[in-house]
Amino acid sequence: MASSKIKLDDVSSANGTQKVSLPKYSSQVINLANGYAKATRPDNVGQVSEDIKRFRDDETLSGYSNQDWINWHQNHYPNGIQKATDEAWAMFVKMRNSLNTVTKDDIRKWEEDFVYSKTYDGLMVQNAIITKIANEIGSQNFRLATPEEERQGIDGFINDHPVQIKSETYDRTGKLHNEELQCVVVSYTKKAKSILFDYNPEDFQ
């Protein structure tokens with residue numbers, strides 16, 4: 001068994017692709033504008049990952065170089081890149097005009113929101129879920145775990161029942177450090193604007 005690695009630059013070199021030169025910081029902004037505008041959606045430029053497979057399966061071609069791919073794509077989507085460019089540019093202009101109104105005070109608000117709210121909320125999901133469950137089952141007896149209880153794998157208590165609040169991606173092989181302690185586990189899934197979770201009210205009676 002041999003281990004190896006390849007640098008990203010070597011990938012480009014092997015595939016014959018060319019790096020583009022863009023103004024500093026602009027690539028990330030263009031990426032955002034493209035995303036907001038959905039400029040590279042399949043209607044414009046095709047389903048690229050699938051189209052590359054179609055390109056590779058095209059037996060009428062004499063080669064499969066990067067230039068062959070460009071020619072194939074332009075033949076199948078002759079106006080695709082132009083459509084994507086026009087739509088991304090329109091969104092970029094909107095973003096640029098909006099950014100011109102940003103003040104230093106707006107930057108401070110962003111920093112405060114990031115440090116005081118978003119990061120805190122992200123780390124305090126357990127508290128929000130425990131509170132929500134307690135409210136829904138009509139309990140006033142709930143709290144977050146103490147640091148010592150957290151070391152046992154407990155996130156909090158509802159009606160004196162220990163509970164773990166874990167993301168659906170959490171590795172459950174570790175479970176509790178105290179294997180004799182029975183603990184309810186509530187799994188949650190984060191969506192764009194909400195947190196979804198299921199629980200059995202009887203677990204907290």
Side-chain angles (χ1 to χ4, degrees), residues 1-8 11 24-41 47-49 91 94-95 98-99 101-205:
M1 178 78 64
S3 298
S4 186
K5 65 179 180 180
I6 183 170
K7 296 179 180 178
L8 294 180
V11 173
K24 195 173 184 179
Y25 310 125
S26 67
S27 181
Q28 293 90 331
V29 180
I30 294 171
N31 184 58
L32 284 173
N34 181 76
Y36 288 145
K38 296 181 174 60
T40 48
R41 63 185 181 278
Q47 191 70 48
V48 179
S49 58
M91 180 58 68
K94 288 182 182 179
M95 291 171 60
S98 178
L99 289 173
T101 69
V102 174
T103 65
K104 189 174 183 178
D105 187 54
D106 291 325
I107 301 297
R108 181 180 180 85
K109 290 176 183 176
W110 187 95
E111 300 291 354
E112 290 176 339
D113 180 60
F114 178 77
V115 175
Y116 298 147
S117 298
K118 285 188 171 62
T119 303
Y120 182 82
D121 285 343
L123 296 175
M124 295 295 282
V125 168
Q126 292 93 336
N127 179 62
I129 292 177
I130 289 171
T131 301
K132 179 71 171 177
I133 293 175
N135 289 340
E136 289 185 349
I137 67 175
S139 173
Q140 299 297 317
N141 180 17
F142 63 94
R143 65 175 176 85
L144 283 174
T146 65
E148 176 58 32
E149 291 164 342
E150 286 182 345
R151 283 191 283 273
Q152 299 178 60
I154 301 170
D155 291 316
F157 291 83
I158 302 174
N159 285 338
D160 298 322
H161 294 282
V163 59
Q164 283 186 324
I165 310 296
K166 300 302 180 187
S167 165
E168 64 173 355
T169 59
Y170 176 71
D171 180 4
R172 303 188 183 285
T173 56
K175 282 257 177 172
L176 295 171
H177 297 295
N178 183 351
E179 296 297 337
E180 296 179 358
L181 180 62
Q182 298 299 311
C183 189
V184 177
V185 178
V186 175
S187 298
Y188 68 88
T189 302
K190 276 190 174 182
K191 299 297 183 181
K193 295 185 178 180
S194 61
I195 295 174
L196 308 179
F197 61 93
D198 296 312
Y199 69 96
N200 184 356
E202 294 181 359
D203 287 336
F204 305 106
Q205 301 301 319

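Keep in mind that the numbers below use all heavy atoms, side chains included, and drop hydrogens, waters and symmetry copies.
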Check your understanding: Has L8 got more than 12 heavy atoms of other residues, nucleotides or ligands less than 6.0 Å from its CG?
Key -> no
**Study point:** Closest contact, heavy atoms only, F142 versus A134
**Key:** CD2-CB, 3.3 Å
Check your understanding: Mind checking whether E150 and Q126 have side chains closer than 4.5 Å, heavy atoms only?
Key -> no
Review point. What's the spacing between T189 OG1 and D198 CG if we round to 0.5 Å?
Key: 8.5 Å
Point to revise | Donor-acceptor under 3.5 Å (N34 side chain, I30 main chain) | key: no
Point to revise | Crowding at CG, N200 (>12 non-hydrogen neighbours, <6.0 Å) | key: yes
Check your understanding: For the residue pair I137 and P201, what are the closest heavy atoms and their distance?
Key -> CG2-CB, 4.0 Å
Practice item. Supply the atom-to-atom distance D106 CG to L99 CG, rounded to the nearest 0.5 angstrom. Key: 10.5 Å
**Study point:** Interatomic spacing from CG in L196 to NZ in K190 - rounded to 0.5 Å
**Key:** 12.0 Å
Exercise for review: Check F157 against I130 and note the closest heavy-atom contact, atom names and distance.
Suggested key: O-CG2, 4.1 Å
Point to revise | Check: Y36 and K94 side chains under 4.5 Å, non-hydrogen atoms | key: no
Check your understanding: Heavy-atom count around Q140 CD within 6.0 Å, excluding the residue itself: above 12?
Key -> no
Revision key, fill the gap. Rounded to the nearest 0.5 Å, the OG1 atom of T131 sits from the CZ atom of R143 at a distance of 13.0 Å
Practice item. Decide yes or no for K132 and I195: does some side-chain heavy atom of the first lie under 4.5 Å from some side-chain heavy atom of the second? Key: no
Practice item. Kindly determine whether F197 and I165 satisfy side chain to side chain contact (heavy atoms under 4.5 Å, CB included), including the steps that lead there. Key: CA-CA 10 Å; F197 61 93; I165 310 296; over 6 Å; no
Review point. How close do L144 and D155 get, heavy atom to heavy atom, and via which atoms?
Key: CD2-O, 3.6 Å
Review point. Atom CD1 in I154, atom CD in E148: separation rounded to 0.5 Å?
Key: 9.5 Å
Practice item. Quick one: sort the F204 and H161 rings into parallel, tilted or perpendicular, breaks at 30° and 60°. Key: perpendicular
**Study point:** Short N-O contact, D105 and K109, less than 4.0 angstrom
**Key:** yes
Point to revise | Atom pair CD/OG1 of Q152 and T146 - distance to nearest 0.5 Å | key: 7.5 Å
